[in-house]
Structures are given as structure tokens and as C-alpha cells.
Amino acid sequence: MSLLRPLSKLPDLNAANVLLVENEEHFQQKLADVMVNEKSVIVQVRLAKSLPLPMKQEKSRPRIDLVVFIVNLMSELSLHSAEASLKHLAPGYFLGKVCFMVTNARNASVPAERMEAVRKLASALNCPLLFAEDQTPDGVTNAAERLLVILRVAAGCVPMTTALFLSNLTRCTISTEAEQQNSDYDA
Amino acid sequence: MDDLKRRLLQRIIRTMPTQMLKTTLSKWARLNIEQQESLDFTQPKFLLTDQLLALCGESGLGVKHITELEMIYIIDNPNQRLWHAYQLLEAGDDAHSVEVTNFKEQFKVHLTELIRHVSIKIKKHTDEAVWIRIAWGDRSSRPNHLKPTYVVHHLQTPYVFVTNLTSKTMPLLSQALVMATRYSSMKDANLSGRNLSAVRDLLMKQFQQVFPSKHLQPLGKKNQINSNPQIEREQDEQSETRLQIACEAFGGGTLPELQKAIYTLETKLKDNTNKIMTEREQPFRCVVTFKSTNILESLRHSAMTGIASTPVTPMLSSISQKGRNHFLITDKGPGPQRKL
Amino acid sequence: MAATLIPPDFDSSSSTDSSSSNRGITRSLRVAEIARRKTKAEDPIVAALKYFSKVQAGTPVQGNEELERNLVSVETVAYSKGLSPEAISVMLEFAMSLRMGTSPCARVLKFLLPSTVVPHQAVVRAVVWLCVGKLPITTQVLFIKWVLTVFDMIDAKDNLRAIYGFIFSFVTEENLCPYICHLLYLLTRKECVRLFRVRKLLELQSKLGKQPFLLHLLSLYKVFCPELVTLSLNSRIRAGFKNHHGPWKLALNAIQKRNFVQVSSDLPLALQTKEKAGLRKRKLGQMDLPVLNVVVQSQKQTSYNKMVVPLAHIQSFVQLLENLHLIELPAQMGSLLGSGLALHYLDCVQDESAFLRLNFWLGHALNEEFLFCGHGGASQGSDEVVRFLERLLSTQHFLQEGFSSVEAFLYKFLNVWDGSLLRPQILGLLSNIPVVPSSCINRLLSEPLMQLFFTSTVFFKCGLIESLNGMLAKWLTWHSVYALEDGLDVSLDSPTSMHMSRSGFMQSVVELVRFVGRLASLGLQLEGCHSLLLSFVLDFYDTVCDIFQKYGLPLVVMIPAGVFYPALFAFDPVSVDRLAQIMYRYKMNLTSAKKQEKLTGQAFHISRQTYREFNHYLVFMVNCLWNSKIFQPGDDIELSEELLLRSRVPQYWASFNLIHHPAFHCYAIDFHHKCWPERRDVDLNSIQNSKTWGWYLEYLFTQGFDGLQQFIQSSISFHPSTTDSQDHRP
Amino acid sequence: MSTLGVLGHLSKLETQARKRKEAPPQQSGLEELKATVEALVIQRDQLKAEIKANESVQKLRSEDPDQSTGGGEELGEGADGSDGSVNSQLLQLMARHAQLTDLLHAHHLIGGYDIIKTCQGNGLCVSLATSYEGVYLERYSLEIDVAPKLRITRHDVPTFVPLARLAEQGGALQTNLRGFLGSLSRHLNGYAGRKQQLKLVKEQHKSVEVMESNAPCSILILLMTVPQVKDIAVLCKLDYTDHTHCLPEEVTIQSEDKDLLETTQWKNNCTLLKETPLHKALATLIQSGDIK
């Protein structure tokens, strides 16, 4: 039972390593293909279906600067596996080195409570919750760029800021009471 | 008689898609060239039917010729109907030496002995399959050509594929077949599907099965991905093994198309407090049906992507391994091996 | 071939025809005969219609070749070019009368695609058959759906309104209720609203719970006769009626696309209508009913003379003014967005029902198309959508106000937005949001926007700042327009009809400005003072610094340090110049505010703190640019002496004055060359002495740094090297 | 676009920026090319090295085959004389490996089977290779449960092979697995051989028409034409009653003119068809001009 630790290894020069965790493994591939095109830093993308990661690559694996959980709202399983994987992250990661990316949020057939569950999860862990359009190439590119923005900060490639600072600005705030307020504001 | 002709033709023409009409008719080869030329396939079908009937009248073609047409069409695209598989048991010693001609006559003889009013047509298809079309009559009535039974059998194989067979005619057919093929009995193989070739391949093991072996054959997943050195898949081994397991369970390559897998659970309530329910004669039944355009593909995929837990339960894997998609699960003994 | 069936006199005669389509049918036969004689060849559809009109009840369906054949022939025509009114009435009659049982009925309904228009009497008769109540429930639903789909193609809706009561009676039918409600919603007129109906609906609501369809209908009733409907209704009801386009929508669109050209071409329509029609068609491709209804109706106009004029027929502003009182709004309110006239109408008669319906329609369309698109958003970014949104934007610009439904939509959408989908349009809509109470700003805007802002690219950041800038400007304008003279209470009689106290409004503005301030400072920090972003931020403060003088709102909010210093030390002179400009405007506002305070003893809420901040900035700026006294103790930027010494920068204190400031350095050098062309070695300090200093300033001002000029002239008296920023202290 | 000038332009800018990122500048393209060149060079050198290694390995083995069969050690000192560097040891190892693979090959040829433990050792997976005239054909596999008693759980043996019967015969599966496998592989090889022959016939002798054949290829009916003044059709039925063989047990020939079949020449032909593989037999017949 190996925890993944944010600071167990030394960083490489001008390199940023991101770990994309997605249960059904297709959006992560698309994202990775775009992300590696980044010129300003050398981006290393690791893809996983779930955590924990196999021990045997432990040595070869560089320090992971950012862990992204991709949740497809269309499937309950996707959410559950993300939740299960969270256990295998050292607490240090939750200081701004984890974020959630949600797809299919605009789909009519998504049950509202699943959406709520994701929001609760993200806000409970003080992680940013990004929404992505995985259908269109533009959507993918945009999602990748947003991840890069976070990644560069998390890898310490942006001066005058830290992952914790950024995550404080972007973390998801629970919106349940917001919903209900919203309704009575409407009325 | 003429009315029968008309209705038969109408039915055939209506079922046939327009673009197939021309080719099928030419295959039929009962109409001479200029007759075929004269047909106009753009007009509505009911008109076409009339024209065809007229032509049949000209060249004196009767019901049996028209049934030929039907047979040709069915042989070319058998996938519009539901095929049931039956298995022949205990081959006789001379079973392996049966060949088409004597099979034909044997079958005809036996069946006509069993029932007087029946019309049989047998045709050897290019792929070694023998196609039999049977129009069943009754003690009193003439053979009903509108509800024919089709039977497909590959000689020297213990399997028979049948479509729309009634329980009434089932024993007749089985007896005739058994005698003609020198087997001793025939039983339901608990396999049915719309795609004939799929049903056949499944039973005759003509789909790629995967076995554990020393030198793992490249399952062609890893090499296509990992194009970019900057992208690293952490859990390749797991996915590889999952893939291997899934393929061992359901077979590799493209899998035969089945539409359904049906599991029927029969169980009795065992509860001493509740006498009535416990002593109830007939058991409780619970039927679970999996549906898909290609059930095996779906199952394999779900096993591959980890949606279904691995190792795969024999319940599922025995669809392809035992070649059946109807399962009866009863209280005693492990599940899917039970016979229906 | 269907076209040949319409005799030229049909429309006029039909209007007198008292909805007995038996006669219609017999005539259709006659026509059929004529058509037959005209065209020698036996026309299958004519025969088919004949068959359907006269087929006996109880004819067997099974294996009935003739029926099959006729059905096929009609079907083909229907899908190729749509059915003529004649055919429609015949087939509808055939289907609804169940003459050959229920089995063909559904099939017939499915291919009832009108080519031009649906004769009202056919529909009425169909409803009659509905009342007979032999139809299976599914077929009934199908029929109502069909009516909803082709509603705008029904020629005279009044005859439908005549049987409003009958239609209403179906409300009690569980499965039909939603569709009936929708139909009623389209039909309802003031005179239709009756107490007993309201009662019925309320009773239903108590039975079925707060169903959106009931709420919508009730809210419409409430609009017409508020005295009857007492219960308080949520102004923004979540989802409206679902789209019941059933199986017809696509086929209809296809037919319309095919027919539109030749039909419209032979109609004497004013260009404006036609072009508008075109617009609507393109704009609302997948969410509006086709154009033809407009065309057809205008064709009918002469035929039945009733007291209302469909808006579609108004073609000039004059006409609009003439029959302003008897305008009939189209069923698809979306079509209003298309035409300028309609918008004029909306604007001048503040017709609440119209706005309600428009809002309902919009909210419905937006939700259906974007927020909850069934198919994982395949339609996203499609031209249709873009055009629709842009049309919506231009409409809002025209009316100078946002729609409440759009607002509600945005609040929902921001929560699931990925920040790139339809960005320009969404940001555009965002800037049109009417004033949000300060209590809600944080939740409705800040939270979703913050997250998007800080995780997105610099381009998004710029865009957002821009749109928020627009929002602020709109709010201020809105205030300056609608503020009542007494200046204390703002009330606005717009459909949103929001009243908010001036203080409340000011709070909202302050909230917004603070929010943008945060975004700007942190954004600049993250993006390393990206100059594009900086310029957008400065745009925003251009608006902010002038609130008092330009919009007459007694409010001055200072520029935050996070923006001030990056702008001051920017590498490009433009930013510095604009900063100077902004500081100048601040000064103007503050001084004038002070004056006014003196003038009218009335106390303003501009705190001393604000003055103090301003002076602080001013002093620093002057010291830095002019007096070359930087890094003074007490400044925001303090560096210890020895550290500065260790940096070995010669006379560091001067390193940000107008000469050495990186933004102006090149100008200084250029000036130096101009002054002393012969000099080899460049010694910028020689500009320092008072005379050349003056010239240098002159030179700078000629370079177009007006902001700088105003700033210096206003806040520095021209004895070089002596500042007097003291006298600004209150 | 007029309504959203600035915003529209911003998104345009963004797309441009992206494009710039996509399309790398020219010189980088050049670098890529250089890189590929290098890679290719390296690859070439590797290949060269391999070739050299292979040659030397062959040398080593050819030096003293009898010794090499003995094993690594002798072979080791055998080569130590030349140069006792790491490289040479490697070469020896490679030699040994090659030799072992050859042994494995031989083992297959003399009818060995691949047997693998499955499911933690309480299962076997046997795979039998079929071959005909030195050509490897399909592999067939069996999965066998060991405990409590040997039981075939899964296989891809064609249905017409009487697997069950073979397994039962004197409890072959339980008592003598080897025998069982032997008989099974005979069946399979027989089938493979017949199938291969049929395939070859269809490929090589277009003139001979295969009237009939069945799934196990145990009954073939061929239509041959004898070139005379007028062609005579000859029906030839081959019956492979013993499914383990690839030669027919009985050959019956029918034709309209009986006396042709009476000729000694055709009697020989029958025996020929019985004794030689079908495609070869036909080839000879065609050569001799008995048929075309």
C-alpha cells in the first residue's frame, strides 16, 4: 500500500510532471497529446486508470507535480473509482496539487445528485473543479491549456506564486446552499 | 393455387430490399434475359409483383419455382430470422461417410414416411452447408408455403441450425435428421441468434480462441499507443493482463454476433416457518437477459476496461466457451453447466 | 403534384365553410376529377386521397393491398414535398375517425407534413373526434403533439380559440395534460381566462404538484387577469414545456427548406418581411418553426377579417403605430427577435404578457439547446447557435436591457462552463446582466468566474475583464437614466421591474469593482504583468475613475496597488501614460466631489481614506517620475539602504524618473540626440537641469502622451524639482 | 461579429497563438531531420553488429558441433582460446541460445507439446502444433483441469474430431495423457494435411473441379476431364475413412465409358491417388496427359 508523495523526490530542471487518472481511459490520452506540445516547460504526462500506481516503476517515476482526476459524469463508476483512488495520495497533495476535471456536465441525462456529489467531494478537499468539453477538439485544447496553467504553477515554474496560493483562488466552494439561495433569490 | 402463388411472391418481394431484387432474380435464372430486362425496379413493389406474376404465367412457373426464389434469397441473407441450434448425439460408425446425395434421399424418404403432406427442398450451398426448406402440411391440409422451416446442416458435424420450427413439427424433423445423418438423437443446444454464421462459428469453434502460452502473442494495444516518449502509461501491465484474461474468456479478434444472453434462475424457498411457500410445487424463476448488438464484444470490452471484475465469472465466459446463450441455473450444483 | 390540388379559390371559400370538412372532401374529389382530367396520367395521390375520403368504415386492414398502396403513395408525397391543405384535411379526417381502426391512424399522423398551411377546420374536426374519445391515449398524445408542431401553420387560430373550452376540458386527462397546457398557453387570450378554469388548474396543481407546465399556464393567466390568480408564482420557472417536435420536426424543416424558395418568390411581400423571415430561418434553424407560416398568413390576411393583426403582417413603422392596439403576437415568440419592428413594439408597449412569453421561450430554447443538450453537446459551436446568440445580443443592445431568462440561464451555465465554448457570445451576454444585488454578486458571479479566470489563458482573462467592464458601464448608464430626480431611490419600470435603493445599487457597484480589482491584481501577478492584460485592466479603471463626474454617482473607488504599481513600472510608455490619465481623472472627480460637498452641505460617502490613498499614490508617482526620489521610507515599496547600495545601481533614486524610466528611456536618448547631435557619448543626466528638463517635457508631450501631460500639468506646478501635491489634502 | 468586436478579436488572437504553438519554426524541422538521420545511423550500426555477432556465433557452433551439443562449458573453453572477453562470453551464450532453440524446434518436430501451468498450477494448457510436409499449420490448444481428476475444460479442436471418444478410450486422458495427446495430434495432423492438400489442389489445378467436400475434408469428389478425341468427364471420389491419415483409404472412379477405367493405366492412377498426396498425384496425372 504505497502512498504517492508530492515531495519525496527532487524536481527536474524546468520540467513539470502531471498524472492524469481516468477510469475509462480515452479523454486522458487526448489531453496528454495536447499537453506535451507545451514549449515553455518540458511536460511529462503519466496516465493511470486508478491509484495506487504499480511499485515497479517507483524508481523510474519522476516527482508528480499535479494529479488530475477525470470524472465522466455519465458513469457512476467513474466517480467511484476516482473516490477510491484518492486514498492513495499523501495529504501533501491536497495543498494545491490535485484537481478534478469533469466531462459531460451539460448532458441532460446526468442526475443532479451525482453532480452535487462531485462538487461536495471537490470542495471538501479544497480542490479546483474544472469542467471540460471532451467532444470537440477546441474543448480538448482548452481543457489541456487550463491544466497547463495549473501545472506550471504546481511545478513551481511561475514566479511569485505557489500551488497553494492558486488553489486558494480556484478551489471549488460548495454550492448546495447556493442553489437553494438561488431559488429563493429567484422567487 | 394462383392465389397462393401471388401471396407467396408478394411476401418475398416485400421482404426483399429493392436493390437486391435484380441480382436475386438473375440468380434465380427462371426468367429469360429479355424478361428480366423488361422488369422496372423503380416502380412500387406491388406493381412489380403483378408484373412478375405475369411473367411467371408466361413461362409457366409454379409455386415450387417461387419457393426456389425464396430459398435463394434466404440463403444469401439468412440474418433476418432467428436461428436455433440443435446438437446431434452419439454418431453412428458410418456417420462420417454420409455424403450429400444419400443424405438428401434419406432425409426425404424418412420425413415423407413420417408425414404425408410436406414439401421439401434441399440445396447444397457453396460453403459445404446443406440447406433444407420444409413446408409443413397437416394430415388433411396441404403444405403451408407461407410458414416454411429452414434447416442448415454441415455434414459430418453434430450441429443443426433451424429457423421457425414449431414444437409440433420438431419431433418429426429431429427423427428424420437423426436417421439421415446416422446419429441416434438430437437435443437443443441452447443457442440462438439472428446471425447464422455467428451461431455456427460459435458452436464449431471457428472463432479465434486465446489460450495462455509462453510467448505472449502481441495483443496490439501497447505498440499503437506510447507514440510519444513524454507520455507514459503507468498501468500497462494491468491493462495487458486484463486484455489477455478477457480474450481468454470470450475469444480474440472479431467475435461472433449474438444478440442476447438469457439466464434463468430457478430456486425454491427453504424456510421452515413458511410452510406454504416452501412446499410450493413450481420454483421461483428469475430471468436475466443481456441484450446488445454484439453481446460478446460488449462483455469482452467491459472485462477489458475493468467495468466487469476479472477473472470473469464462468456464467459469462461459458457463453463463448460452451457455445450457448440460454442458461438455467438451479439450486443444486454450480450454475451454467445445468441443462435446460 | 400536391400543388395542383389547391384550386385558386380555395382559401376564400374555406373561410366561409363552417368547418364541415365533408364538403371540403367532396370538393377535393371534384378537384381531384378536374386535376385528373387536366393531367391525363392517373395521379396516384389523387386516387389515394379519393380512396381515403370514401373508404367504408370497418374495411379490413390486414393484407389490404389497396390501403397499403395508397398509404405508400401519400407517404412518399408527404415526405418529398409535403401535403396540400386538402390532403391534410382528408387524411386527418380519415385517421381521427378511426374508420379503419387504430392501426393506420398513428402512421398517418406521422406523415402529416403540411406543405403550406393546415386548414383550421380540419384541426377543429379532429378535436371533435378527440372528444368522441374512441382514440387510444397514445394516439391522442401524438395528435396534440402534431398540433403543437404545426401550430403556426394553422391558418385561422380564432376558430381554435372558439373551442378553447373543449380543449381545456382535456386538461384533466393525466397523460395529455402537459401537451394540452402547452397548446392552451399558445391559444390563451385575455377573454379565455375564467375563474373556473383557474380553479381547475389550481386543483390540478394540488393533485399533480408544482408541474412546470401548469405553472407556466397559470403565470400567463396571472398576467392577463392578476385578480383571478392570487397565488404567488416564481418569476423564473426552471424548465418550461419540453420540445414536442415528435417525429415531424426534421422532415418539416427539410420540406420548408425545399419549398421556401419558390413559395416566397411568387408572393408580393415587402422586402423587409421576407428578409426578416430569412433571418429567422437561419437564426433559429433548429429551434424555431419555419418561416412559411408568416408568408401564408399574410397571404390569408384578406380572407378572414378579424380584429387582430398578426405582427407578421406589419411591414412599416406607420402601420405599427396604426394598429398598435390590436397586434397579435406569434406563437413562437422567438421570431420577435428577428424583426426591428417587433422590438419597437415590445419596447413601446411594455406588454408584460409579451415579455413573459418571450422570456419563457428564450429560457426554454437556451436550456434545451445549450445547458442540457441531450447529445453531449454535439450541437455546440454550430453556426446556428452562434447566430442565435448574436441575434440575442443585438436584441439586448436594441432594447438596452437583458432578459431575465437569459440571466437565469447564465447563472446556471457559468457553473458548468469550460471557458472556451462560445466564449465571445457568453461573455457578451454576461456584460448585459442587469444590476445584481450585492448580496448575490459573490455567489452568482464571483465564485464561478474566479475559478475560470485563474485557471484560463491570458486571453480569457482579458475577455472577462472586458466584459465586466461593459457590465459596470451598463449598470452605471442604467442608473444614470432611471434614477429618479430626488436621487435617493432608483426605480425602473422595465419588465425586470426591480426596485433597489440607491445605497443598495452603490453597494453592488462597489462589490463589482472590488471583485474586478482582485481579479486584476492577482491576474497581473500570475501573468507576469502581461501588457495586453494590463491594458484591459486600465480600460476598466478608465470607467471606474470617472464614476462621479460621468455617471453622477457619488462614489470613488481607488485603483488597487496591485494594478497601480505594475502600470507605473510597466515597460511600455502607453501604460504609464494611461495610468497618468487615470490619476488625472481621479483627481478631477475628487476635487469636483469636494466642491459639491462644499456647495450643498449634503454629506457624501467618499471617505477620507479614499483621499488619503489617492494622495499616497500621487506623492509616490510624482516622487518617482519627477523628483527622482524613490524607495523613500514609508512608501509601499521599501528597500533597505545597503541592499540598494550593494546593487551598485548609480543613483538608484533617479532610476525611475521620466528620463531613466524603462518606458521613457528610449525617448530620453532620442531627445538627447536631437539636442546635442554632435555629442558622441550620451549623458542623460544633462537633461536634468531645469531648462532642458522643460524642453524634454515639451518633447514628450509632442509624442502624444496626453495623459502624462494632463497629469503633470494638473498636479505639478511648473517650478522644476518642486512638487506641491500638498494642496490636494482635504 | 460587430456585436462582440473586442471579444471576437480576442478569441481570434488566441487561435492564432495556438497555431503558432502547433506549427514549429523551420529550423526545428531541420533538427528533427538531423535527429532522424542520427537514429538511422545508430540503427544501421546495431544491425551491422548483430550480423557480425551472428556470423561469429555460427562459426562457434560450426567449429565443433558435438562439443556444442554437450553444453556451454566445453563450448566456453573451446572459445576461450580466441579471446576471453565479455564479448566472447556473450557470443557463446548466444550460440547456446540458438542451439537450444534448434533443440526446441526438433522437439516439436518429433511431436512434443507445449505445456503450461495455468491458474496457480491446478490447470494445464497443452498446445499441439500441426504441420504438413514441413509446413507449420494451425496450433490447437486444450485447457485441462488437474484436480480432482483430469478434465478438459476448454479447447479449440474442431468439432468433428471425436475428442470425447479419444479421451475416454481406456481412460486415456486419466491414465496415459501422452497416448491421448498422441492420438489427438494424429487426428489433427491428418485433418490439417487433408485441408492443406485440398487448398493446394484448389490453387494449383484450376482445371480439376472439386465437386464436393465436407468440413473434415474426409470426402472429396473431383471432376476431371480426360483429353481424348472428345473430352470425357471422370468423377473421382476419395474417401479418407481413417481421419488420422492424409491419404485416402479408397478411391472410386466413375465415367461414362467404362472401358477407360478398365485400362491398366487408370488402375495405376488409382493406386497413385491412394499412395501419393492428392495435389502431387494430380500433377503427375496432368503431366502424363491422362487428364488436363
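Every chain is numbered from 1 and lettered A, B, ... according to where its sequence line falls, protein lines coming before strand lines.
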Qualifying residue, where the test is side-chain contact (heavy atoms from CB on, under 4.5 Å) with A:L19 and the options are A:L89, A:V68, A:L51, A:D65 =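 For A:L19, the side-chain contact (heavy atoms from CB on, under 4.5 Å) test succeeds with only one of A:L89, A:V68, A:L51, A:D65, which is A:L51.
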Test side chain to side chain donor-acceptor pair (under 3.5 Å) applied to A:Q44 - qualifying residues, sequence neighbours left out =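 For A:Q44 there are no side chain to side chain donor-acceptor pair (under 3.5 Å) partners, ignoring immediate neighbours.
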Salt-bridge test for C:K461 and C:E527: reply yes if a basic N is under 4.0 Å from a carboxylate O, no otherwise.
->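 Looking at C:K461 and C:E527, the cut-off is met.
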So which part of [X] gets closer than 4.5 Å to some heavy atom of chain C, the side chain, the backbone, both or neither?
X	answer
A:L169	both
A:A132	backbone
A:M101	neither

Where does C:L522 contact chain A at under 4.5 Å (heavy atoms): side chain, backbone, both or neither?
->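 Contact with chain A is through the side chain of C:L522 alone.
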Under a 4.5 Å heavy-atom cutoff, which of C:R518, C:Q525, C:M450 has the most pairs with chain A?
->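 Among the listed options, the one with the most contacts to chain A is C:Q525.
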In a table with atom names and distances, give each donor-acceptor pair under 3.5 Å that connects a side chain of residues 145-160 of chain A to protein atoms at least two apart or in another chain.
from   : atom 1 : to     : atom 2 : distance (Å)
A:E145 : OE1    : D:R18  : NE     : 3.4
A:E145 : OE1    : D:R18  : NH2    : 3.0
A:E145 : OE2    : D:R18  : NE     : 3.1
A:R146 : NE     : C:T455 : OG1    : 3.2
A:R146 : NH1    : A:F131 : O      : 3.4
A:R146 : NH1    : C:D418 : O      : 3.0
A:R146 : NH2    : C:Q451 : OE1    : 3.2
A:R146 : NH2    : C:T455 : OG1    : 3.0

Going by distance alone, is a donor N or O of one side chain under 3.5 Å from an acceptor N or O of the other, for C:S405 and C:E407?
->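 The criterion, which ignores hydrogens and geometry beyond distance, is not satisfied for C:E407 and C:S405.
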